[in-house]
Student: 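I have a structure I would like to understand better, so I am pasting it below and will then ask my questions one at a time.
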Amino acid sequence: RGTGNHRKKERTGSRRTCGAEENQMKQLGIIGLGAMGAPMAGKLQECGFQLFTTVRSAYSRQKAERMGIQVLETAGEIAERTDRILLMVSNYEQCRGCLQGTDGVLAAMKKGIIIVSSTIAPEQMRLLSEMCPEGIALLDAPVSGGVTGAEQGKLVTMAAGDSQVFEVCRDIFQAYSKKIVYVGAKLGQGQMLKAVNQMLVGIHIAAAAEAVSFSESMGIDPQVLQDTISECAGNSNMFQSRVPKLMKHDFSSRAALETMEKDSKICIDLAEKAGVPCYLTELCHDLYRKTPRSETVQEDACAVIRVYQQANGKDSNLT
């Protein structure tokens with residue numbers, strides 16, 4: 001796989017550059033135009049990509065059409081238009097659904113690349129790989145940075161798989177990433193690194209909720225808490241982003257409660273397999289699992305504060 005110098009070059013991606021040569025129209029399929037996928041698609045369009053998608057709802061169709069993304073009826077039809085497809089759906093079941101069946105990508109694609117940017121378990125990446133026949137390469141490429149990072153084109157991409165396939169897809173990653181990391185040649189290694197990130201995200205969101213509940217119990221003004229801790233050693237990105245939401249009882253989703261429950265379980269399963277403890281992650285997973293949630297809308301993981309509110313005998317603020 002090349003010399004050490006070549007390896008080092010692979011591991012550090014450059015910032016997005018949409019020069020004249022990159023603005024030539026390139027075709028790409030993207031499935032999953034949610035909170036992250038839609039702004040990522042916008043950044044890809046800014047870098048000259050013509051996008052194709054397929055949708056499951058009238059709302060998603062309208063969103064795609066507003067963005068100028070061509071909507072096709074099936075994932076298989078996307079594979080007939082382009083040899084590179086990016087999956088940004090919610091979970092493994094949806095990834096598998098995009099690939100399988102008479103209308104799936106694999107029914108139509110004879111040669112090409114499927115980029116999995118959804119967050120799934122490393123073992124699930126292996127299962128997806130086993131579905132792909134010879135001539136179709138799978139790239140493991142989850143992202144981190146949240147909705148804000150996607151909107152600003154400042155995500156971190158953690159890619160794993162064949163190094164040559166990775167290089168072929170670098171122009172895609174550059175469109176929405178501030179940093180591109182080549183983790184290794186083994187599929188699932190990108191998801192492993194993402195799991196470490198999600199472990200910390202889940203802990204920090206729960207910690208922010210606990211800090212707000214604790215400070216409120218002592219009568220500390222939440223704004224004073226925000227202004228002070230933001231300048232202290234106890235600060236974190238999750239503290240800064242979630243405390244303003246908690247002060248407003250704003251549980252609109254950025255990192256969904258269900259997502260953090262899923263991702264923390266992935267971490268626990270990986271730790272179990274490795275034979276190492278993950279005490280904090282297990283506690284957080286239990287908190288997310290127990291959190292009362294709305295039956296009508298998807299909410300942010302910071303809604304975990306409801307567990308503390310219930311224990312304190314307060315209104316759980318269900319929407």
Side-chain angles (χ1 to χ4, degrees), residues 24-34 36-38 40-45 47-143 157 159-176 187-188 190-191:
Q24 296 175 0
M25 188 63 71
K26 295 168 285 189
Q27 295 183 328
L28 175 70
I30 180 168
I31 304 177
L33 296 176
M36 293 283 289
M40 288 167 65
K43 292 300 175 184
L44 285 159
Q45 288 175 308
C47 286
F49 282 88
Q50 180 186 12
L51 302 180
F52 304 96
T53 194
T54 185
V55 297
R56 296 187 299 171
S57 69
Y59 173 79
S60 296
R61 179 178 292 273
Q62 290 169 1
K63 180 194 290 188
E65 290 173 348
R66 282 197 306 270
M67 294 181 68
I69 300 173
Q70 187 170 346
V71 180
L72 302 174
E73 293 306 312
T74 68
E77 288 183 45
I78 297 175
E80 292 172 356
R81 301 291 190 95
T82 176
D83 60 2
R84 295 192 295 177
I85 296 177
L86 172 69
L87 302 184
M88 195 59 194
V89 293
S90 297
N91 51 46
Y92 167 71
E93 287 72 24
Q94 291 181 11
C95 288
R96 184 181 61 190
C98 290
L99 301 189
Q100 290 184 323
T102 56
D103 293 332
V105 169
L106 298 179
M109 181 179 277
K110 304 305 177 189
K111 186 177 181 180
I113 300 170
I114 300 168
I115 304 166
V116 181
S117 290
S118 306
T119 299
I120 61 176
E123 175 66 14
Q124 292 170 337
M125 278 300 309
R126 184 186 66 79
L127 294 175
L128 292 178
S129 177
E130 289 177 354
M131 297 175 197
C132 297
E134 187 176 352
I136 297 177
L138 204 63
L139 201 60
D140 172 17
V143 296
T157 293
D162 185 273
S163 60
Q164 292 182 334
V165 175
F166 166 74
E167 289 297 341
V168 168
C169 294
R170 185 181 285 276
D171 61 332
I172 295 171
F173 304 143
Q174 286 176 331
Y176 50 72
L187 285 174
Q191 298 293 346

Student: Can you find a pair of side-chain heavy atoms, one from Ile115 and one from Ile113, that are under 4.5 Å apart?
Tutor: yes
Student: Measure the CD1-CZ distance between Ile30 and Phe52 for me, rounded to the nearest 0.5 Å.
Tutor: 13.0 Å
Student: Might you work through the side-chain contact (heavy atoms from CB on, under 4.5 Å) test for Ile172 and Leu44, ending with a clear yes or no?
Tutor: CA-CA 7 Å; Ile172 295 171; Leu44 285 159; 3.9 Å; yes
Student: Would you say Val143 and Phe173 make side-chain contact, with heavy atoms under 4.5 Å?
Tutor: no
Student: Looking only at non-hydrogen atoms, find the nearest pair between Tyr92 and Ile120 and report the distance.
Tutor: N-CG2, 3.5 Å
Student: Check whether any side-chain heavy atom of Asp171 sits under 4.5 Å from a side-chain heavy atom of Arg84, and report yes or no.
Tutor: yes
Student: What pair of heavy atoms forms the shortest contact from Gln94 to Val89, and how long is it?
Tutor: OE1-CB, 3.3 Å
Student: Using atom types as modelled and distance alone, determine if a side-chain donor or acceptor of Gln124 lies under 3.5 Å from a backbone N or O of Gly188.
Tutor: no
Student: Short question: side chain of Lys63, backbone of Leu33 - any donor-acceptor pair under 3.5 Å?
Tutor: yes
Student: Would you say Gln50 and Arg81 make side-chain contact, with heavy atoms under 4.5 Å?
Tutor: no
Student: More than 12 foreign heavy atoms under 6.0 Å from CD of Glu130: is that the case here?
Tutor: yes
Student: Could you measure the distance from the OG atom of Ser129 to the CG atom of Leu187? Nearest 0.5 Å is fine.
Tutor: 5.0 Å
Student: Ignoring hydrogens and angles, tell me if any N or O in the side chain of Thr54 forms a donor-acceptor pair with the backbone of Leu72 under 3.5 Å.
Tutor: yes
Student: Show the nearest heavy-atom pair for residues Gly29 and Thr82, with the distance to one decimal.
Tutor: N-CG2, 3.5 Å
Student: Between Glu123 and Arg126, does any side-chain N to carboxylate O distance fall below 4.0 Å?
Tutor: yes
Student: Taking atom CZ of Arg96 and atom CG of Leu128, what is their separation to the nearest 0.5 Å?
Tutor: 9.0 Å
Student: Do you know the tightest heavy-atom contact between Ala38 and Met67?
Tutor: O-CE, 3.2 Å
Student: Look only at the side chain of Ser118 and the backbone of Ser90, and say whether a donor-acceptor pair between them is shorter than 3.5 Å.
Tutor: no
Student: Looking at CG of Asp103 and CD1 of Ile78, how far apart are the two atoms once the value is rounded to the nearest 0.5 Å?
Tutor: 11.5 Å
Student: Walk me through it: do Glu167 and Gln164 pass the test side-chain contact (heavy atoms from CB on, under 4.5 Å)?
Tutor: CA-CA 5 Å; Glu167 289 297 341; Gln164 292 182 334; 5.7 Å; no
Student: Please give me the minimum heavy-atom distance between Thr157 and Ala141, naming the atom from each residue.
Tutor: CG2-CB, 4.2 Å
Student: Which heavy-atom pair separates Ala41 from Ile69 by the least distance, and what is that distance?
Tutor: CB-CD1, 3.9 Å
Student: When you measure from the side chain of Asp140 to the backbone N and O of Ala160, does any donor-acceptor pair fall under 3.5 Å?
Tutor: no
Student: Nearest 0.5 angstrom please: Asp162 CG to Cys169 SG, how far?
Tutor: 10.5 Å
Student: Please tell me if the side chains of Gln191 and Thr119 come closer than 4.5 Å, counting only heavy atoms from C-beta onward.
Tutor: yes
Student: Could you give the distance from CG (Leu99) to CD1 (Ile85), rounded to the nearest 0.5 Å?
Tutor: 8.5 Å
